[in-house]
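The next block holds one structure in the form of structure tokens; read it before the comments.
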Amino acid sequence: TSVTLDMSDFIQDAIAQYMEITGSTREPKLANTPFCPPGTLLIVDYETRGELSKGCHSVVMKNMWVARIARPDFQKPCNDLAGKLHEWSRNDDKRCERLMGYMRRSKDFKMKGYVGDNLWECELWLFVDADFCGEVEHTKSNSGCWCVIAGPNTCFPIAWSAGRQGSTARSTTEAELISLAKGFFKISIPLLGLFNFMLE
């Protein structure tokens with residue numbers, strides 16, 4: 001038994017909304033990643049108010065809905081933009097346009113999970129990762145985690161998260177441990193409690 005989450009129509013609607021708010025007659029340029037290439041975000045543009053500052057809320061929130069439902073690859077760039085809603089700059093215009101281009105390129109990507117085993121035959125698998133001071137605006141690292149139920153014939157995604165860490169890590173190892181702690185205590189342990197209750 002498998003479940004496929006297809007958000008392609010919703011993503012196309014999000015692109016149309018973005019075009020309407022920006023007044024563009026062309027769809028965003030296709031992008032291979034949701035992140036701007038190095039060197040394209042200029043220091044002076046952090047201090048210049050962005051053209052999308054009045055419509056950025058609806059664009060970002062619509063994109064975050066997709067990220068939460070079925071597209072974890074959107075979550076990090078959406079979180080970054082959500083943190084800029086109160087001080088939207090020209091660089092955020094660039095980030096948003098890049099994200100929309102990536103969404104257009106990948107709109108037919110789908111999330112699929114399949115189950116072929118009894119629940120008590122499965123395990124909870126948690127994968128975590130972190131960068132080390134990967135942003136130009138601050139010194140904090142970013143965490144990411146991915147949690148699935150896995151078995152001989154089962155792989156079903158349950159939860160994922162991505163976001164900025166609350167403190168500045170002094171090494172890659174520290175950043176990775178912070179990511180592990182976040183995934184372990186905020187995702188794994190609560191889910192283990194739920195499964196223990198379900199399976200008695």
Side-chain angles (χ1 to χ4, degrees), residues 1-17 28 30-35 60-82 98-132 134 141-166 169 171-200:
T1 302
S2 66
V3 175
T4 301
L5 300 177
D6 182 358
M7 300 292 288
S8 55
D9 291 341
F10 192 92
I11 291 173
Q12 187 60 49
D13 186 57
I15 293 170
Q17 181 192 28
L30 295 175
N32 292 327
T33 72
F35 304 106
V60 173
M61 291 302 111
K62 194 174 185 79
N63 294 347
M64 286 195 79
W65 174 252
V66 183
R68 181 65 189 91
I69 297 298
R71 292 299 301 271
D73 51 331
F74 294 169
Q75 193 157 24
K76 167 68 169 64
C78 285
N79 286 346
D80 290 345
L81 291 173
R98 177 77 180 194
L99 173 60
M100 300 309 298
Y102 175 71
M103 289 173 66
R104 180 184 166 214
R105 178 188 173 273
S106 64
K107 69 179 180 180
D108 293 324
F109 289 6
K110 301 172 179 65
M111 178 180 286
K112 184 175 183 179
Y114 56 91
V115 177
D117 306 293
N118 294 310
L119 186 57
W120 54 86
E121 298 176 303
C122 299
E123 298 176 334
L124 198 63
W125 287 6
L126 176 71
F127 302 87
V128 298
D129 196 10
D131 66 0
F132 177 57
S141 303
N142 296 285
S143 296
C145 61
W146 172 256
C147 188
V148 298
I149 293 180
N153 304 290
T154 300
C155 184
F156 202 94
I158 303 177
W160 55 86
S161 70
R164 186 184 306 174
Q165 295 182 358
S171 66
T172 302
T173 306
E174 184 177 351
E176 298 283 0
L177 285 172
I178 292 171
S179 181
L180 174 61
K182 181 179 179 181
F184 192 65
F185 289 106
K186 290 191 175 182
I187 294 180
S188 294
I189 290 180
L191 285 174
L192 282 174
L194 173 64
F195 292 138
N196 285 336
F197 173 77
M198 290 168 59
L199 297 173
E200 298 181 349

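Basis for what follows: all heavy atoms, side chains included, without hydrogens, waters or symmetry-related copies.
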Judged by modelled atom types alone, do Ser8 and Asp6 share a side-chain donor-acceptor pair under 3.5 Å? yes
State whether a side-chain donor-acceptor pair under 3.5 Å links Arg164 with Asn79. no
Is [Y] close to [X] at the side-chain level, that is, under 4.5 Å between some pair of heavy atoms?
X: Lys112; Y: Val3; answer: no
X: Trp146; Y: Pro72; answer: yes
X: Glu123; Y: Trp125; answer: yes
X: Ile149; Y: Phe195; answer: yes
X: Ser161; Y: Lys186; answer: no
X: Val148; Y: Thr154; answer: no
X: Met111; Y: Trp160; answer: yes
X: Lys182; Y: Cys145; answer: no

Please walk me through it: do Asn63 and Leu81 pass side chain to side chain contact (heavy atoms under 4.5 Å, CB included)? CA-CA 10 Å; Asn63 294 347; Leu81 291 173; 5.7 Å; no
Among Thr173, Thr172, Asn142, find the residue that satisfies the side-chain contact (heavy atoms from CB on, under 4.5 Å) test when tested with Phe132. Thr172
Spacing of [atom1] belonging to [X] relative to [atom2] belonging to [Y], to within rounding of 0.5 Å:
X: Leu180; Y: Asp129; atom1: CG; atom2: CG; value: 11.5 Å
X: Lys62; Y: Gln17; atom1: NZ; atom2: CD; value: 5.0 Å
X: Ile189; Y: Leu194; atom1: CD1; atom2: CG; value: 14.0 Å
X: Phe10; Y: Leu5; atom1: CZ; atom2: CG; value: 13.5 Å
X: Met103; Y: Cys78; atom1: CE; atom2: SG; value: 6.5 Å
X: Ile187; Y: Leu192; atom1: CD1; atom2: CG; value: 12.0 Å

Evaluate the criterion side chain to side chain contact (heavy atoms under 4.5 Å, CB included) for residue pair Arg71 and Ile11; output intermediate values, then yes/no. CA-CA 10 Å; Arg71 292 299 301 271; Ile11 291 173; 3.7 Å; yes
Minimal non-hydrogen separation, [X] against [Y], with atom names:
X: Ser143; Y: Gln165; result: OG-NE2, 2.8 Å
X: Cys122; Y: Gly151; result: SG-CA, 4.3 Å
X: Leu99; Y: Pro77; result: CD1-CG, 3.9 Å
X: Cys147; Y: Leu191; result: SG-CD1, 3.8 Å
X: Met7; Y: Ala70; result: CG-CB, 3.7 Å
X: Ala162; Y: Gln75; result: N-OE1, 3.8 Å

Are the side chain of [X] and the backbone N or O of [Y] linked by a donor-acceptor pair below 3.5 Å?
X: Ser171; Y: Glu174; value: yes
X: Arg104; Y: Pro28; value: yes
X: Ser141; Y: Asp131; value: yes
X: Arg98; Y: Pro34; value: no

So Phe74 and Tyr102, would you call those rings parallel, tilted or perpendicular, with 30° and 60° as cut-offs? perpendicular
Residues Asp9 and Lys107 bridged, charged N to O under 4.0 Å: no
Quick one, Ile15 with Met100, criterion side chain to side chain contact (heavy atoms under 4.5 Å, CB included). Give me CA distance, side-chain angles, the key distance, then yes/no. CA-CA 7 Å; Ile15 293 170; Met100 300 309 298; 4.0 Å; yes
Kindly check if the number of other-residue, nucleotide or ligand heavy atoms within 6.0 Å of CZ (Phe184) is above 12? no
